[in-house]
**Student:** 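Following this message is one structure expressed as structure tokens.
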Amino acid sequence: MESIAVLMTCPMYTYLEQNLQTRFNLIKLWQHNSNPELLQTHKHKIKAIVGNTSIGADAELINALPNLEIVATFSVGLDKIDLEKCKERGIRVANTPDVLTDDVADLAIGLILGVLRKICGCDGFVRDGKWTGGEFELTTKFSGKPVGIVGLGRIGTAIAKRAEAFNCPISYYSRTQKPYANYKYFSNVVDLAKNCQILVVACALTEETRHIINREVIDALGPKGILINIGRGAHVDEPELVSALLEGRLAGAGLDVYENEPEAPEQLFSLDNVFLQPHVGSDTVETSNAMAELVIANLEAHFSNKSLLTPVL
């Protein structure tokens with residue numbers, strides 16, 4: 001398959017890049033951005049795109065590649081891919097579900113503990129030599145707190161199972177009630193927020209879920225509530241979140257994602273009730289390797305006229 005041209009949209013994981021390089025004719029979009037004519041020379045050869053949550057495959061890029069057959073994203077999220085355009089063109093789409101579920105769910109629990117137990121603050125307290133001058137302030141326990149989950153898919157379910165181990169009552173919101181779930185279902189997010197203390201965002205980003213966490217939801221969660229977001233930054237109305245934290249209308253937040261990555265709101269940097277991560281939910285060696293192998297396996301299956309391992313379209 002060395003003659004098959006694959007376009008990689010931006011620098012990703014070295015292991016993925018190296019393996020694509022050995023199996024395909026790899027073309028790196030970021031090396032051509034400053035010279036569009038170079039991409040023009042390859043456009044008829046390119047049959048596959050490998051993207052991620054930074055740069056996927058929008059309508060402009062898809063339209064520029066007349067012989068494109070498949071888009072394989074190094075992510076579970078599909079919000080950077082124009083799925084309608086892919087359907088229109090008959091272009092196949094594959095993502096990397098399942099293999100990252102545990103890591104993202106683990107981080108969600110870590111964010112909850114980070115906020116409630118002020119783990120970063122405790123760490124700084126010791127490192128700054130303040131312990132010799134007195135005890136650290138009391139924090140808040142996690143065990144037994146009611147947890148609400150927005151989106152009970154693979155990741156949401158994995159988070160629920162972990163929270164159950166902390167004896168937390170679980171409730172959830174999703175488009176439809178899940179027949180397999182023994183958790184309390186709410187048909188809207190406001191009611192969910194009113195009935196939990198920790199609200200975890202774990203749904204896919206669509207036009208319907210953009211800013212699903214708005215002022216009304218934040219106020220329903222209330223001044224003792226904690227918001228955790230391991231979904232996408234655009235799930236949350238970020239200015240409303242910032243103002244709620246600054247005004248004390250929300251007790252805290254644990255965030256792995258932001259609306260304008262890699263930028264995060266500077267107003268949050270000085271708040272000790274906010275636990276910030278740089279979008280690393282699935283970023284472990286083990287999971288990144290598994291995701292890379294799944295991207296490659298999907299490409300090889302497509303070009304061998306076999307069924308995709310994880311088809312979206």
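Heads up: numbering here begins at 1 and tracks the sequence. Just so we're clear, the structure is a prediction, and the values are computed from it rather than from any experiment.
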**Student:** Would you say the side chain of V200 lies within less than 4.5 Å of the side chain of I112, judging by non-hydrogen atoms?
**Tutor:** yes

**Student:** With a 4.5 Å heavy-atom cut-off, do I226 and L199 have their side chains touching?
**Tutor:** no

**Student:** Hydrogens and angles aside, do S243 and R249 bring a side-chain donor and acceptor to less than 3.5 Å of each other?
**Tutor:** yes

**Student:** Taking atom types as modelled, is there a side-chain donor on N289 or Y13 under 3.5 Å from an acceptor on the other?
**Tutor:** yes

**Student:** For E216, check side-chain contact (heavy atoms from CB on, under 4.5 Å) against everything at least two apart and list the hits.
**Tutor:** V190, N214

**Student:** Provide the closest heavy-atom pair for F24 versus E300 in the form atom of the first, atom of the second, distance.
**Tutor:** CZ-CG, 4.1 Å

**Student:** Can you tell whether the side chains of R215 and D237 come within less than 4.0 Å, N to carboxylate O?
**Tutor:** no

**Student:** Give me the atom names and distance for the closest heavy-atom approach of G225 to L250.
**Tutor:** O-CD1, 3.4 Å

**Student:** Tell me the closest heavy-atom pair linking Y258 and L255, and the distance in Å.
**Tutor:** OH-O, 3.0 Å

**Student:** Salt-bridge test for D102 and R162: reply yes if a basic N is under 4.0 Å from a carboxylate O, no otherwise.
**Tutor:** yes

**Student:** Closest approach of C168 and F142, non-hydrogen atoms and distance?
**Tutor:** SG-CE1, 3.5 Å

**Student:** Any side-chain heavy atom of L268 sitting closer than 4.5 Å to one from L246?
**Tutor:** no

**Student:** CG/L7 to NZ/K47 distance, rounded to the nearest 0.5 angstrom?
**Tutor:** 15.0 Å

**Student:** Applying side-chain hydrogen bond (donor to acceptor under 3.5 Å, both in side chains) as the test, list every pair that has at least one member in residues 164-182; sequence neighbours left out.
**Tutor:** E164-Y183

**Student:** With L309, which residues qualify under side-chain contact (heavy atoms from CB on, under 4.5 Å), at least two apart?
**Tutor:** L294, A297, N298, A301

**Student:** For residues L308 and L313, report the shortest heavy-atom separation together with the two atoms involved.
**Tutor:** CD1-O, 4.2 Å

**Student:** Above 12 or not: heavy atoms from other molecules or residues under 6.0 Å from CD of E137?
**Tutor:** yes

**Student:** Taking all non-hydrogen atoms of both residues, which atom of I109 and which atom of A163 are closest, and how far apart?
**Tutor:** CD1-N, 4.2 Å

**Student:** If the threshold is 4.0 Å, N to carboxylate O, is there a salt bridge linking D98 and R154?
**Tutor:** yes

**Student:** Within the side chain of T132, is there an N or O that forms a donor-acceptor pair under 3.5 Å with the backbone of G129?
**Tutor:** yes

**Student:** Decide, yes or no, whether a salt bridge links K28 with E17 under the criterion of side-chain N to carboxylate O below 4.0 Å.
**Tutor:** yes

**Student:** Going by distance alone, is a donor N or O of one side chain under 3.5 Å from an acceptor N or O of the other, for H211 and E259?
**Tutor:** yes

